Amino acid sequence: MRLLTVKGLDKKFKTVHAVKGIDFHIEQGEILGLLGPNGAGKSTTISMISTLLKPDGGDIIYNNESIIKNPKAIQENLGYVPQEIALYPMLSGRENLMFWGRAYGLKGSTLKKAVSEVSEIIGIDDRLKDKVKTYSGGMQRRLNIGVALLHNPELIIMDEPTVGIDPQSRKHILDTVLHLNKDKGMTVIYTSHYMEEVEYLCNRICIMDQGKIIAEGTKDELVKANNPKTNIHIKIDRDMESAIVKLKTIESVETVIEEEELIKIISKQDEQLFKNIIQVIGELDVTILSMDIQEPDLESVFLSLTGRVLRD
Ligand SMILES: Nc1ncnc2c1ncn2[C@@H]1O[C@H](COP(=O)(O)OP(=O)(O)OP(=O)(O)O)[C@@H](O)[C@H]1O
Ligand SMILES: [Mg+2]
């Protein structure tokens with residue numbers, strides 16, 4: 001069942017056209033990934049879905065109803081986890097949950113039950129009595145997610161929930177997303193610029209860049225649609241700059257970039273490719289230390305679509 005449809009959604013800030021008439025949809029029970037680099041327009045998009053920001057154009061349909069005309073249609077069913085932590089640092093974790101639970105209209109034994117269920121999901125029971133200002137970044141994130149779960153929403157939207165936290169909390173959050181989806185039947189929109197997370201969690205992915213959705217599909221579909229391409233990583237001992245200039249002269253080569261001491265090449269299918277690479281690098285006074293063919297992944301899809309890497 002179609003839960004949400006975004007049609008021609010558009011948002012301009014004074015000088016920035018942040019979201020440029022995008023279309024996408026979410027089926028009930030999906031984990032949809034919104035993947036894109038800094039400034040792509042992810043937060044602006046989900047702020048509009050969460051009714052915190054008014055679009056300049058287009059519509060958002062939730063369960064057959066326009067949420068632009070009737071924001072209530074989504075508000076009661078939505079758990080929104082903002083990119084910035086929104087908690088009271090001087091209150092304990094438990095007090096924060098109680099406060100936000102009341103804000104959602106929960107009270108009495110329903111509130112207590114919701115708080116204890118959410119505490120179990122986010123797994124910080126032993127620290128719930130402590131003030132939030134004493135929590136690590138990862139624990140604050142987990143509590144922030146807990147706040148969005150108190151009213152047991154049918155759709156949960158998370159905006160880059162794992163940025164800048166410890167690996168243990170990161171793993172916990174990813175597992176929580178899967179648990180909420182598989183065991184509680186929640187539909188999820190997961191925003192990230194980490195392609196591994198999106199690959200791991202999401203049924204379907206929208207890749208966003210510069211205010212547009214530039215590709216949409218399952219990981220396999222995205223990779224296939226951008227095939228046949230060959231991705232090769234080369235490591236040489238010196239003079240990467242000259243090598244990159246030379247490699248760009250090979251006709252079948254589409255993109256060459258340098259990242260983390262590697263030269264990354266995306267090329268059309270070409271039987272002569274290896275031979276040509278070795279030939280042009282052979283014209284320089286360098287040694288090839290390694291040369292690997294990479295399985296295409298979302299990073300190579302992004303690179304091939306934009307000529308840029310998907311990183312901080
Ligand atoms: N309130 C605002 N006023 C002016 N410009 C804004 C505002 N909010 C966002 N922008 C601009 O709109 C563009 C999209 O921003 P947005 O925050 O949606 O990107 P994002 O994909 O969430 O990026 P990040 O990964 O950094 O969170 C950026 O150029 C940003 O600077
Ligand atoms: Mg953002």
Side-chain angles (χ1 to χ4, degrees), residues 4-26 31-60 67-68 71 74 78-87 137-138 140-145 147-148 155-166 169-170 173-174 177 188-202 204-217 219 222 259 297-299 301-303 305-312:
L4 182 97
T5 309
V6 170
K7 287 195 291 199
L9 191 65
D10 205 280
K11 183 73 196 177
K12 285 191 194 84
F13 298 106
K14 273 178 198 135
T15 53
V16 185
H17 199 171
V19 175
K20 299 173 182 162
I22 60 169
D23 301 283
F24 66 95
H25 71 273
I26 303 152
I31 303 181
L32 179 80
L34 202 55
L35 179 71
N38 290 132
K42 306 179 299 293
S43 295
T44 306
T45 300
I46 61 178
S47 300
M48 291 189 280
I49 297 174
S50 309
T51 71
L52 299 168
L53 195 64
K54 247 188 155 16
D56 294 321
D59 207 350
I60 303 168
I67 66 165
I68 316 276
I74 196 165
L78 175 74
Y80 167 64
V81 185
Q83 192 164 357
E84 306 298 333
I85 302 277
L87 298 166
Q140 293 192 14
R141 274 272 163 230
R142 282 153 75 167
L143 187 61
N144 214 37
I145 291 172
V147 164
L155 173 66
I156 174 137
I157 301 185
M158 297 188 179
D159 196 353
E160 309 216 37
T162 59
V163 170
I165 63 173
D166 59 284
S169 281
R170 185 181 190 199
I173 288 174
L174 297 182
V177 174
V188 182
I189 303 179
Y190 190 91
T191 302
S192 180
H193 61 268
Y194 297 125
M195 61 136 195
E196 326 86 70
E197 285 188 357
V198 167
E199 276 188 15
Y200 176 66
L201 290 177
C202 301
R204 215 152 49 76
I205 301 150
C206 292
I207 302 182
M208 203 166 177
D209 187 42
Q210 297 180 348
K212 289 186 184 147
I213 289 177
I214 55 171
E216 179 273 319
K219 185 205 160 191
L222 288 167
E259 201 202 7
D297 56 16
L298 290 179
E299 189 186 338
V301 169
F302 188 81
L303 184 57
L305 287 169
T306 66
R308 285 177 283 120
V309 273
L310 184 59
R311 287 287 152 80
D312 293 278

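Counting starts at 1 for both ligands and their atoms, in listed order. Model, not experiment: these values are computed from the prediction. Residues take their numbers from the sequence shown, with the count starting at 1.
- Of all heavy-atom pairs spanning Leu174 and Thr162, the tightest one is CD2-CG2, 4.4 Å.
- Protein residues are said to neighbour a ligand when one of their heavy atoms lies under 4.0 Å from it; for ligand 1 these are Phe13, Val16, Ala18, Pro37, Asn38, Gly39, Ala40, Gly41, Lys42, Ser43, Thr44, Gln83, Glu160.
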message: With side chain to side chain contact (heavy atoms under 4.5 Å, CB included) as the criterion, how do Phe24 and Arg204 come out once you've worked through the C-alpha distance, each side chain's angles and the decisive distance to 0.1 Å?
response: CA-CA 11 Å; Phe24 66 95; Arg204 215 152 49 76; 6.0 Å; no

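- By the criterion of a separation under 2.8 Å, the protein N/O/S atoms near the Mg ion (ligand 2) amount to Ser43 OG, Gln83 OE1.
- Each of Ile157, Ile156, Val147, Ile46 was scored for a side chain to side chain contact (heavy atoms under 4.5 Å, CB included) with Val81, with one residue passing: Ile156.
- Using a distance-only test at 3.5 Å, with no hydrogens or angles considered, a donor-acceptor pair links the side chain of Glu199 to the main chain of Leu298.
- With Asp10 contributing its side chain and Pro55 its backbone, the two residues share no donor-acceptor pair below 3.5 Å.
- Remark: the backbone N or O of Met208 is not paired with any side-chain donor or acceptor of Lys42 at under 3.5 angstrom.
- When all heavy atoms of Val198 and Gly33 are compared, the closest pair comes out as CG1-CA, 4.4 Å.
- Side-chain atoms of Asp297 and Glu196, non-hydrogen and from C-beta on, never get closer than 4.5 Å to each other.
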Exercise for review: Output, in order, the C-alpha distance, side-chain angles, deciding distance and verdict of side chain to side chain contact (heavy atoms under 4.5 Å, CB included) for Asp209 and Phe302.
Suggested key: CA-CA 9 Å; Asp209 187 42; Phe302 188 81; 4.0 Å; yes

